[in-house]
Student: 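To start, I am sharing the structure in question, which I have written as structure tokens.
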Amino acid sequence: MRTTGYGMHPENIADLLAAAGDAAIVLTYAEDRAFAGVSLNHFASVNSTRLDWQGVEVLERSDEFDGDGLREMVRRYGGEGELVVVFWGNHAVPSVALEAEVAAAHAEVVVGSCYECWLYFTDGHVLIEFQDGEGFVAARVPN
């Protein structure tokens with residue numbers, strides 16, 4: 001298994017880890033790849049980091065790109081106690097799993113940690129993409 005480069009810079013999400021405390025689970029490389037396999041990997045990409053929304057069920061698009069916008073989307077698509085996996089645009093930053101309520105409570109810290117990230121809702125099979133300055137897109141993960 002190749003692990004070089006994964007999770008070498010957790011300091012980039014130190015504020016989120018501090019805010020969420022024990023509620024945040026830093027994923028191993030194997031866990032990251034397993035969750036990516038059932039979420040991100042089901043989408044084609046455009047320009048290497050943006051997802052291609054053609055042919056998938058887009059649930060919502062939002063021009064907001066702040067914590068309040070993410071909080072509202074997490075509350076809309078996350079069930080009580082549902083696990084949300086946050087993938088960062090930089091693979092050197094480890095992915096994190098949080099309950100939806102924790103992700104909503106710390107939405108400002110999530111969007112403040114990066115220029116792009118994806119949140120995968122494990123029960124509802126919804127993926128939210130965040131691109132700083134562009135907003136959010138929520139879609140069903142295709143089979």
Student: What distance separates Phe87 CZ from Leu27 CG, expressed to the nearest 0.5 Å?
Tutor: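 Reported to 0.5 Å precision, the distance equals 7.5 Å.
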Student: Return yes if some donor-acceptor pair links the side-chain N/O of Ser113 with the main-chain N/O of Ile13 below 3.5 Å, else return no.
Tutor: no
Student: Could you give the distance from CG (Asp66) to CZ (Phe136), rounded to the nearest 0.5 Å?
Tutor: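 Result: 6.5 Å between the selected atoms.
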Student: Can you see which heavy atom on Ala100 is nearest to which on Gly79, and at what distance?
Tutor: CB-O, 3.8 Å
Student: Do the side chain of His42 and the main chain of Gly37 share a donor and acceptor less than 3.5 angstrom apart?
Tutor: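 A pair under 3.5 Å: yes.
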Student: Show your working on side chain to side chain contact (heavy atoms under 4.5 Å, CB included) between Val110 and Leu16 and close with a plain yes or no.
Tutor: CA-CA 6 Å; Val110 171; Leu16 175 61; 4.0 Å; yes
Student: Check for a donor-acceptor pair, side chain of Glu57 on one end and backbone N or O of Arg140 on the other, with a separation under 3.5 Å.
Tutor: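 A pair under 3.5 Å: no.
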Student: If every non-hydrogen atom of Val26 is compared with every non-hydrogen atom of Pro94, which pair is closest and at what distance?
Tutor: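 Taking Val26 first and Pro94 second, the nearest heavy atoms are CG1-CB, 3.6 Å.
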Student: Can you find a pair of side-chain heavy atoms, one from Leu70 and one from Phe130, that are under 4.5 Å apart?
Tutor: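 Not touching, per the 4.5 Å side-chain cut-off.
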Student: Between Ala105 and Glu108, what is the shortest heavy-atom contact and its length?
Tutor: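 Smallest interatomic distance, heavy atoms only, reads O-OE1, 4.2 Å.
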Student: If you count every heavy atom of other residues, nucleotides or ligands that lies below 6.0 Å from Asn41 atom CG, does the total exceed 12?
Tutor: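 Count over threshold, so yes.
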Student: Any sub-3.5 Å donor-acceptor pair from Glu129's side-chain atoms to Leu51's backbone N or O?
Tutor: yes
Student: Ala23 and Val102: which non-hydrogen atoms are nearest, and at how many Å?
Tutor: CB-CG2, 3.9 Å
Student: Which distance, rounded to the nearest 0.5 Å, do you find between the CD1 of Ile25 and the CG of Leu17?
Tutor: 11.5 Å
Student: Side-chain contact, heavy-atom cut-off 4.5 Å: Val74 with Phe121?
Tutor: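 Answer yes - side chains close enough.
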Student: Which atoms form the tightest heavy-atom contact between Tyr6 and Val93, and what is the distance?
Tutor: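 Looking at all heavy atoms of both residues, the shortest contact is CE1-O, 4.4 Å.
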Student: Taking atom NE2 of His106 and atom CZ of Arg71, what is their separation to the nearest 0.5 Å?
Tutor: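 Rounded to the nearest 0.5 Å, the NE2-CZ separation comes to 9.5 Å.
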Student: Taking the inter-plane angle between the rings of His125 and Tyr120 on a 0 to 90° scale, is it parallel (under 30°), tilted (30 to 60°) or perpendicular (over 60°)?
Tutor: tilted
Student: Honestly curious: do Val38 and Tyr29 fall in one hydrophobic cluster under the side-chain, below-4.5 Å linking rule?
Tutor: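 Same cluster.
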Student: Quick check: do Val85 and Ser39 have side-chain heavy atoms less than 4.5 Å from each other?
Tutor: no
Student: Between Val137 and Glu60, does a side chain to side chain contact (heavy atoms under 4.5 Å, CB included) hold up when you go through it step by step?
Tutor: CA-CA 6 Å; Val137 177; Glu60 180 178 357; over 6 Å; no
Student: With rounding to the nearest 0.5 angstrom, report the CG to OG distance, Asp32 to Ser95.
Tutor: 3.5 Å
Student: Applying side chain to side chain contact (heavy atoms under 4.5 Å, CB included) to Val46 and Trp53, what does each step give before you reach the verdict?
Tutor: CA-CA 9 Å; Val46 176; Trp53 302 110; over 6 Å; no
Student: For the hydrophobic clusters of this structure (ILVMFWY residues joined by side-chain heavy atoms under 4.5 Å, transitively), does one cluster hold both Val58 and Leu40?
Tutor: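 In one cluster with Val58: Leu40, yes.
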Student: Taking all non-hydrogen atoms of both residues, which atom of Phe43 and which atom of Pro142 are closest, and how far apart?
Tutor: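 So the minimum-distance heavy-atom pair works out to CZ-CD, 3.6 Å.
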Student: What is the distance from atom CD of Glu64 to atom CE of Met73, rounded to the nearest 0.5 Å?
Tutor: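 So the CD of Glu64 and the CE of Met73 are separated by 9.0 Å.
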Student: Answer yes or no: does atom CD of Gln54 have more than 12 heavy-atom neighbours from other residues, nucleotides or ligands under 6.0 Å?
Tutor: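 Counting neighbours around CD of Gln54, 12 or fewer heavy atoms of other residues, nucleotides or ligands fall under 6.0 Å, so no.
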Student: Set out, in order, the CA-CA distance, both residues' side-chain angles and the distance that settles side chain to side chain contact (heavy atoms under 4.5 Å, CB included) for Trp118 and Gln131, then state yes or no.
Tutor: CA-CA 9 Å; Trp118 298 266; Gln131 296 286 336; 4.0 Å; yes
